[in-house]
Undergrad: 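Okay, here's the structure, questions in a sec.
Both ligands and their constituent atoms are indexed starting at 1 by order of listing. Just so we're clear, the structure is a prediction, and the values are computed from it rather than from any experiment.
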Amino acid sequence: MNSIRINQLGFYPQSIKTFVAVKAKADSFLILNQRGEKVFTGPLKDKGYWAASGEEVKTGDFSSLCEPGLYSVVVDGCEPSLPFTIQSELYKEAARDVFNFFPFQRCQHGDHACLFHPDTGHKTGALNSPGGWYDAGDYGKYTLNGAFSAGLMLALHEILPHAYGQADSSPLLEEIRFELDWIFTMQDKDGGVFHKITSLEHDDFVLPEKAVKDRFVIGKSTAAALTFAAVLAQASRIWADLDPNFAQEALNAAKRAWDWSVEHPSEYFKNPTGCNTGEYGDHDQKEEFFWAAAELYATTGDKKYREPLQDDLDKVSLRIGENWRQYTDNIGYYSLLASSQVPKEDKALVKSGLIRLADELLAKIEAVPYEIPVDDFQWGSNSDILDAAMIFALAHHYSGEKKYLDATVQTTDYLLGKNALSLSFVTGYGVKSPMNPHHRLFVDRKLPEPGFVVGGPNGNREDAQELRESGVYYPTCFPAKAYVDHVESYASNEICLNWNAPAVFVLGYLEEAFKA
Ligand code: 9MR
């Protein structure tokens, strides 16, 4: 593996430009242009040992090199880096393709008669629940993760409505609307919301037309109702002028789901016996309550929804980590900042909380040798990286301070090659990228579709035992390298809605921020 790790797509002319060199004895580096001419020299900075990857790490910075072109980094005693460019519109195609992931995930099962599992409270009958996106490499549709992923992208639309099209005719909104139309179908008559549509056991690794197991509506949970309420309240605000009827229906449905949740605050979802599809189980619904109340407040300005926010607004503890689990409430904070209904005192509180977290994460970038704000690698770790990049992007948006834009760039560099695997984690982008993601829709393809973010290094390696049985092994135990580009590695190499959604946010944000 190349010991120089760098964003394999490259850099915007005006952005910060850094790389990592491991096991390098030299204390300086140079940059060669396409003709092999030396165009830059600089010192390597010793960052010490990184326990997460088991490497001695040095870093280099060539931010003042701004001339567009094709380059490589050379360090004495190391193989030259993979080539990279300096160019404007750096992420134009990548942003388009990470967005195109969503239409690709559109459900191909009819889902006109999904059987009620008794744990929904319905003993017989079926639900008409067509459309929506498949969650990941499986064919399930999960309310919580669908709502969360749509919410992340709506948060971008709210601050930069032009990022993916025009404010009033946006392909991004059109695609999200496709998911929301499905989400609507998940509400029960009493206002509660079903948890998921899946078969009882995971489908075989086949295309949808061959995945013919019965599809069920399973569970009715507080988490589903709250995330449903949150995203539809958010949508109601965003579509208010574009489609007033839809906006009103969305708000009514959101309010009913909220009321149901207040009466049923602890309907935690657990897979019923005989069901092994994804759980999205969580026994702490504080984040979901916050997200829903924040959206209802940001949309209506009604004090009734302000009251449940009080405790959290006193602390404003935005957090990243654990994939989706701890992040849902952050969208609520973003919406409070964006909405015109929220008084400026509340906005000031939220902004200071956002900046506080961004500063903590900046300190982490300083401390972690690879210059990233994450050093814990779990299932979907790439989404923790991207979720942190979102925090930096928003801190930059609301403060205008360059240090947060730099941090957004550096965190994104990790995703695209400046990591311990020297791999771009986005299919089809960079010199080396995943070739065998765990995705049923790729089963008949030689190459994966471009623009799919894989889960990434996962120190817990939940699938290691099953992989071993197929003769496949994780190459190392170091958490930052615990990844295998094998189709069976669902715990490190799957793709998923809530891992691509923050990529849509971050790449779209950077393209706008660096517009000439
Ligand atoms: O992203 C989820 C991760 O946080 C959990 O640890 C894991 C096991 O429960 O499930 C992940 O979500 C999967 C979901 O349950 C089903 N579709 C694929 C998702 C990504 O692997």
Side-chain angles (χ1 to χ4, degrees), residues 101-102 104-105 107 109 132-149 151-152 179 182 194-205 208 211 213 215-216 218-219 221 223-224 227 268-272 275-284 287-288 319-328 374 376-387 425 427 434 436-442 452-467 479 482-503:
F101 162 93
F102 290 91
F104 190 86
Q105 289 297 112
C107 178
H109 284 81
W133 303 315
Y134 292 134
D135 187 55
D138 64 331
Y139 294 141
K141 302 192 288 194
Y142 305 80
T143 307
L144 182 152
N145 203 37
F148 175 49
S149 305
L152 288 170
E179 177 73 356
W182 165 68
F194 304 120
H195 197 77
K196 63 177 177 180
I197 305 270
T198 69
S199 41
L200 289 179
E201 295 191 340
H202 273 304
D203 293 297
D204 296 337
F205 224 79
K213 292 193 166 115
R215 288 173 64 86
F216 285 82
I218 304 175
S221 66
T227 47
Y268 304 125
F269 178 74
K270 191 125 195 51
N271 264 340
C275 174
N276 75 354
T277 53
E279 199 162 63
Y280 288 111
D282 186 359
H283 280 207
D284 178 356
E287 287 92 0
E288 286 79 3
R319 286 182 300 173
I320 62 158
E322 290 191 34
N323 195 343
W324 51 279
R325 211 169 260 111
Q326 299 189 0
Y327 203 81
T328 42
V374 170
D376 175 27
F377 296 85
Q378 306 185 10
W379 196 316
S381 62
N382 282 335
S383 76
D384 290 333
I385 290 280
L386 284 161
D387 290 350
F425 290 117
T427 57
N436 308 294
H438 176 85
H439 195 0
R440 284 170 176 74
L441 290 177
F442 290 166
F452 286 52
V453 177
V454 297
N458 173 3
N460 299 327
R461 295 169 293 153
E462 287 89 341
D463 51 2
Q465 173 70 28
E466 282 160 75
L467 289 176
Y483 165 82
V484 39
D485 184 12
H486 192 280
V487 67
E488 286 174 40
S489 182
Y490 56 82
S492 80
N493 207 29
E494 190 167 356
I495 54 88
C496 194
L497 298 179
N498 73 302
W499 308 340
N500 253 73

Undergrad: Asp463 and Gln465: side-chain donor and acceptor closer than 3.5 Å?
TA: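 The criterion, which ignores hydrogens and geometry beyond distance, is not satisfied for Gln465 and Asp463.
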
Undergrad: Which atoms from ligand 1 have a heavy atom of Ala136 less than 4.0 Å away?
TA: 17 (N), 18 (C)

Undergrad: List ligand 1 atoms under 4.0 Å from Glu279, heavy atoms only on the residue side.
TA: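 It comes down to these atoms of ligand 1: 15 (O).
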
Undergrad: Hey, does the side chain of Glu494 reach the backbone of His438 with a donor-acceptor pair shorter than 3.5 angstrom?
TA: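 A pair under 3.5 Å: no.
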
Undergrad: Need the ligand 1 atom indices (1-based, order shown) with element for anything under 4.0 Å from a heavy-atom of Asp138.
TA: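 With Asp138 as reference, the close atoms of ligand 1 come out as 16 (C), 17 (N), 18 (C).
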
Undergrad: Just going by heavy-atom distances, which of Tyr142, Tyr280, Tyr134, Tyr490 is nearest to atom 12 (O) of ligand 1?
TA: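 Of the listed residues, Tyr280 has the closest heavy atom.
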
Undergrad: Between Tyr139 and His202, is the ring centroid distance below 6.0 Å?
TA: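 No, the ring of Tyr139 stays outside the 6.0 Å limit from the ring of His202, centre to centre.
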
Undergrad: Say whether, by atom type as modelled, one donor and one acceptor occur between the side chain of Asp282 and the main chain of Asp284 under 3.5 angstrom.
TA: yes

Undergrad: Hey, is Trp499 touching ligand 1 through its side chain, its backbone, both or neither, going by heavy atoms under 4.0 Å?
TA: side chain

Undergrad: Cys496: heavy atom below 4.0 Å from ligand 1, yes or no?
TA: yes

Undergrad: Using a 4.0 Å heavy-atom threshold (strictly under), name the region of Glu462 that reaches ligand 1: side chain, backbone, both or neither.
TA: neither

Undergrad: N/O to N/O below 3.5 Å, does that happen between Trp379 and ligand 1?
TA: yes

Undergrad: Mark up the atoms of ligand 1 that fall under 4.0 Å of a heavy atom belonging to Asp135, in ascending order.
TA: 14 (C), 16 (C), 17 (N), 18 (C), 19 (C)

Undergrad: Between Glu279 and Lys270, does any NZ, NE, NH1 or NH2 come within less than 4.0 Å of an OD or OE carboxylate oxygen?
TA: yes

Undergrad: Decide whether Tyr490 and Glu466 meet the rule of one side-chain donor and one side-chain acceptor closer than 3.5 Å.
TA: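 Yes, Glu466 and Tyr490 have a side-chain donor paired with an acceptor closer than 3.5 Å.
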
Undergrad: Within the structure, does Glu494 bring an N/O atom to less than 3.5 angstrom of an N/O atom in ligand 1?
TA: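 Yes, at least one N or O pair falls under 3.5 Å.
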
Undergrad: For Lys141 and Thr198, test the side chains for any donor-to-acceptor distance below 3.5 angstrom and give the result as yes or no.
TA: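 Thr198 and Lys141 do not have a side-chain donor-acceptor pair below 3.5 Å.
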
